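A short write-up of the structure that comes next.
Predicted model only: the values in this text are computed from it and were never measured. Just so we're on the same page: letters track the sequence lines, and every chain starts at 1.
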Amino acid sequence: MTDAAELRRLTKELLAAHPPATTDRLDFLRARFDAGLAWVHFPQGLGGLAAPRSLQPVVDAELKAAGAPDNDPRRIGIGLGMAAPTILQYGTEEQKRRLLRPLWTGEEVWCQLFSEPGAGSDLAALGTRAVREGDGWVVNGQKVWTSSAHVARWAILIARTDPAVPKHRGITYFVCDMTDPGVEVRPLRQVTGEAEFNEVFLTDVRIPDSRRLGEIGDGWRVAQTTLNNERVAIGGTPIPREGGMIGKIAATWRERPDLRTHDLHQRLLGLWVEAEVARLTGVRLRQQLVAGQPGPEGAGMKLNFARLNQEISGLEVELLGEEGLLYDDWTMRRPELVDFTGRDAGYRYLRSKGNSIEGGTSEVLLNIVAERVLGLPAEPRTDKDVAWKDLAR
Amino acid sequence: MSAQSEPGLLYSEEEEALRAAVRDLLTDHCDPAGVIARTESAAPHDVSLWKALCGQMGLAGLLIPEELGGQGAGHREVAVVLEELGRAVAPVPYLTSAVVATEALLGCGADDLLRDLASATTIAVLAVGLHTAPGRDIDRVRFEEGALRGELTGIADAAVADVLLVPADDGGLYAVRAAEVTVTPQVSLDLTRPLARVTLDGVTGRRLGDTEAAVRRALRAGAGLLASEQLGLADWLLTETVRYLKERRQFNRQVGGFQALKHRLARLWLEVAGLRAAARNAADALATGEDTDVAVAVAQAYAGQVAVHAAEEALQLHAGIGMTWEHPVHLYLKRAKADSIAYGTAGTHREALAALVDLQAP
């Protein structure tokens with residue numbers, strides 16, 4: 001078993017062999033991956049050392065102190081947080097070896113081809129078809145709300161391979177090469193004025209069977225791995241007190257006594273308390289994960305995060321008064337990074353409206369909490385034993 | 001903001017064992033029907049339960065050092081006990097005697113009284129109104145020619161106290177035997193933690209030390225650990241309401257299957273999860289002495305609304321049966337509402353935070 005002392009020794013060895021000051025950023029990241037210090041809980045040869053996940057901070061702290069480059073998890077969030085754990089669990093040896101290293105270093109960006117115009121919260125209703133042809137599949141359909149599709153090298157994709165069985169059973173999970181012919185990415189302009197999302201049209205896209213993840217027809221189960229990791233990723237990063245949106249408005253409050261009113265003060269203090277409680281709930285969740293008692297608070301963290309972001313950014317626009325009537329820039333752009341707190345208060349307010357929709361709507365997450373945590377009965381269903389092709393659309 | 005070391009927000013195995021022992025005892029000796037019957041009697045406190053908790057289990061001495069006969073445990077363990085007492089709305093003076101009065105005595109170094117409290121032969125109560133927040137002005141009796149005179153109101157659990165810790169206008173905190181004062185019950189919203197008026201008519205007390213620091217310390221611990229009692233209340237209310245809504249059928253379905261109700265309960269669960277983190281954080285901060293003022297203020301700025309919301313939702317979702325005297329939800333509603341005022345309202349604690357975290361008023 002690799003312990004903290006051993007990890008510290010290996011990290012020092014890496015730093016000695018590749019001094020950050022004189023080593024190219026990507027070369028350093030590749031060397032770190034090869035040394036097993038990328039995600040220490042991954043298997044040997046795949047960026048890890050099969051060490052306890054809780055020891056990763058030991059490595060991170062050493063590297064940070066030495067000024068080593070990081071792999072910018074914001075840019076590669078979908079790859080790191082969602083694709084990687086799914087590939088690790090369901091991928092073949094060959095898939096893991098080909099895909100994980102450039103994913104981790106950020107050389108290859110990933111996107112997620114899940115949602116469709118007709119299948120949002122009811123994701124399993126998806127209609128993108130994959131038809132078997134020789135040693136591969138031919139895919140046709142349309143996906144939507146795809147962050148980073150315009151910069152992505154790879155996509156995780158779910159498509160319908162058997163329309164004759166009930167909807168959850170006829171789905172298969174693939175890795176799609178975004179550079180293949182037939183993949184067309186169109187920007188989707190949002191309320192913020194930016195096009196951070198895209199529509200993706202798939203026309204006769206040929207995917208070799210070697211890029212299937214998991215069994216044919218088992219895609220829904222594979223997708224659960226991705227979706228569970230999505231919610232953990234959203235609530236899983238430790239933040240200091242006043243991290244995130246509340247820090248922005250607190251800073252404005254301190255710097256701008258001219259804006260203060262008693263009503264705004266009361267509301268600010270109320271939200272400050274709620275943000276601190278949400279932060280502590282996240283601390284407790286991570287302590288449970290480290291102690292091996294995974295709690296169901298993950299869905300709850302996402303719900304808190306969405307509601308608080310919206311309330312805090314809404315208050316911030318109001319606090320700014322006359323300046324709140326202005327907006328920094330309506331230019332249509334296609335940013336490479338998703339940044340909730342970047343730009344002005346008006347942007348934060350508008351962007352945060354997406355927080356209760358992306359990664360599972362708040363309504364769906366409340367159902368998940370009610371049914372899986374509290375054990376309350378599910379809504380009556382009319383689609384359970386009906387073949388997908390016979391469902392009304 | 002300065003960086004804090006991370007608080008321990010989970011329960012240790014020892015704490016879980018302590019919880020199990022307290023819950024077993026309460027399951028056997030503190031059923032809701034019994035608590036309701038007791039509130040209507042002349043003796044609302046459950047003295048035999050108190051003896052079992054504090055005599056047999058030694059829980060009165062958790063905060064008291066071992067050399068004084070206590071357990072030398074800490075605030076984290078006390079918080080677990082309070083969660084369980086909250087779950088049962090147990091009518092015992094644990095928060096007032098084993099926490100608030102004990103902290104005041106620790107602040108004064110009153111070792112002999114602490115020994116008496118640890119051995120559960122004495123119940124002590126701080127004679128400061130239950131509504132008082134830490135750091136706020138308090139009512140005091142007059143100290144004239146060596147005797148204490150005056151009247152103090154809103155004193156929780158004074159009816160069962162053996163000793164009252166009385167603040168006087170000379171700045172001293174005095175220990176007074178209950179037999180020497182007049183304790184008159186007030187009609188209280190919360191029948192399980194009744195208030196009383198305490199009248200001192202020229203009584204001689206023993207000066208323990210200075211009031212200011214001892215009372216502030218006592219009320220801060222009371223406020224911080226009250227959050228764990230509120231967590232216990234909210235946890236019971238949520239659990240019972242979920243159980244009831246799985247059983248109750250209307251329109252040929254379990255009521256708990258209707259989305260409008262599921263979402264209300266899921267939101268309540270979220271609030272309770274937040275309260276658990278905030279309450280554990282306050283208990284841990286009291287134990288370690290780090291970040292204590294902020295942790296206590298955050299917990300009390302949050303806990304009251306959650307416990308009251310849980311009680312109000314529980315009553316509404318139990319509908320007609322929730323409105324009856326016979327169903328225990330009213331005990332929880334009354335305790336939760338009273339707790340939202342005890343040791344300072346949420347608003348008072350938010351005001352304290354404004355200064356602590358530099359978010360000044362206009």
Side-chain angles (χ1 to χ4, degrees), chain A residues 238 240-243 247 249-250 253-254 257-266 268-270 272-288 290-291 293 295-297 299-301 303-304 307 362-363 365-380, chain B residues 1-4 6-10 238-239 241-243 245-246 253-259 261-271 273-282 291 294-295 297-303 305-306 346-347 349-354 357-362:
Chain A
R241 179 175 288 163
E242 287 196 5
I249 191 171
W253 184 268
R254 288 179 191 125
D258 56 303
L259 298 174
R260 298 176 193 167
T261 69
H262 287 285
D263 166 61
L264 291 165
H265 190 229
Q266 288 304 312
L268 173 62
L269 289 172
W272 195 94
V273 169
E274 291 205 52
E276 174 67 1
V277 171
R279 184 184 74 83
L280 291 168
T281 310
V283 170
R284 194 172 135 77
L285 171 65
R286 275 191 308 285
Q287 290 178 356
Q288 281 181 300
V290 170
Q293 331 160 6
E297 278 93 345
M301 287 307 299
L303 282 159
N304 276 336
R307 183 179 60 83
S362 291
E363 288 69 23
L365 293 181
L366 286 169
N367 279 347
I368 289 176
V369 170
E371 291 168 23
R372 297 192 202 158
V373 180
L374 299 177
L376 290 164
E379 293 284 306
Chain B
M1 303 300 293
S2 61
Q4 285 97 35
E6 190 166 272
L9 303 183
L10 305 182
L238 175 63
T239 307
T241 307
V242 167
R243 190 183 63 74
L245 292 196
K246 283 189 208 169
R253 280 170 66 181
Q254 289 160 279
V255 170
F258 287 96
Q259 198 173 56
L261 305 189
K262 284 162 72 173
H263 284 191
R264 281 168 72 166
L265 290 168
R267 285 198 187 91
L268 194 55
W269 175 83
L270 264 178
E271 291 178 30
L275 175 51
R276 191 176 302 281
R280 285 316 282 165
N281 186 50
D291 197 35
V294 172
V298 165
Q300 272 313 315
Y302 189 72
Q305 67 182 30
V306 176
H349 287 280
R350 280 197 296 269
E351 266 179 48
L353 269 176
V357 303
D358 186 29
L359 292 171
Q360 303 295 344

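- The CD atom of A/Gln287 sits 10.5 Å away from atom CZ of B/Arg280, with the distance rounded to the nearest 0.5 Å.
- Note: B/Leu270 CG to A/Leu366 CG = 7.0 Å, rounded to the nearest 0.5 Å.
- Only the side chain of A/Leu268 comes within less than 4.5 Å of a heavy atom in chain B; its backbone stays farther off.
- When each of B/Leu245, B/Leu275, B/Val242 is checked for heavy-atom pairs under 4.5 Å with chain A, B/Val242 comes out on top.
- Per-residue heavy-atom pair counts under 4.5 Å with chain B were compared for A/Asn304, A/Thr261, A/Leu303, and the maximum is reached by A/Thr261.
- A/Trp272 contributes no side-chain N or O that, together with a main-chain N or O of B/Val298, makes up a donor-acceptor pair within less than 3.5 Å.
- Closest approach of B/Asp291 and A/Arg241 over heavy atoms only: OD2-NH2, 2.6 Å.
- In this structure a side-chain-to-backbone donor-acceptor pair under 3.5 Å is missing from B/Gln259 to A/Asn367.
- Counting only distance, with no hydrogens or angles, the side chain of B/His263 and the backbone of A/Ala370 share no donor-acceptor pair below 3.5 Å.
- When heavy atoms are compared at a cutoff of 4.5 Å, A/Ala278 does not approach chain B at all.
- Closest non-hydrogen pair, A/Pro377 versus B/Gln254, comes out as CG-OE1, 3.5 Å.
- Across every non-hydrogen atom of A/Trp253 and B/Gln360, the tightest pair is NE1-O, 2.8 Å.
- Within the 4.5 angstrom heavy-atom criterion, only side-chain atoms of B/Arg253, from C-beta onward, approach chain A.
- No side-chain donor-acceptor contact under 3.5 Å links B/Lys262 to the backbone of A/Val369.
- Taken to the nearest 0.5 Å, the CD atom of A/Glu276 stands 12.0 Å off from the OH atom of B/Tyr302.
- The closest side-chain heavy-atom distance from A/Val277 to B/Glu271 is not below 4.5 Å.
- With hydrogens and angles ignored, the 3.5 Å screen pairs a side-chain donor or acceptor of A/Arg284 with a backbone N or O of B/Leu9.
- Under the 3.5 Å distance criterion, the side-chain polar atoms of A/Arg254 are matched with a main-chain donor or acceptor of B/Asp358.
- With rounding to the nearest 0.5 angstrom, the CG atom of A/Leu280 is 4.5 Å from the CG atom of B/Asn281.
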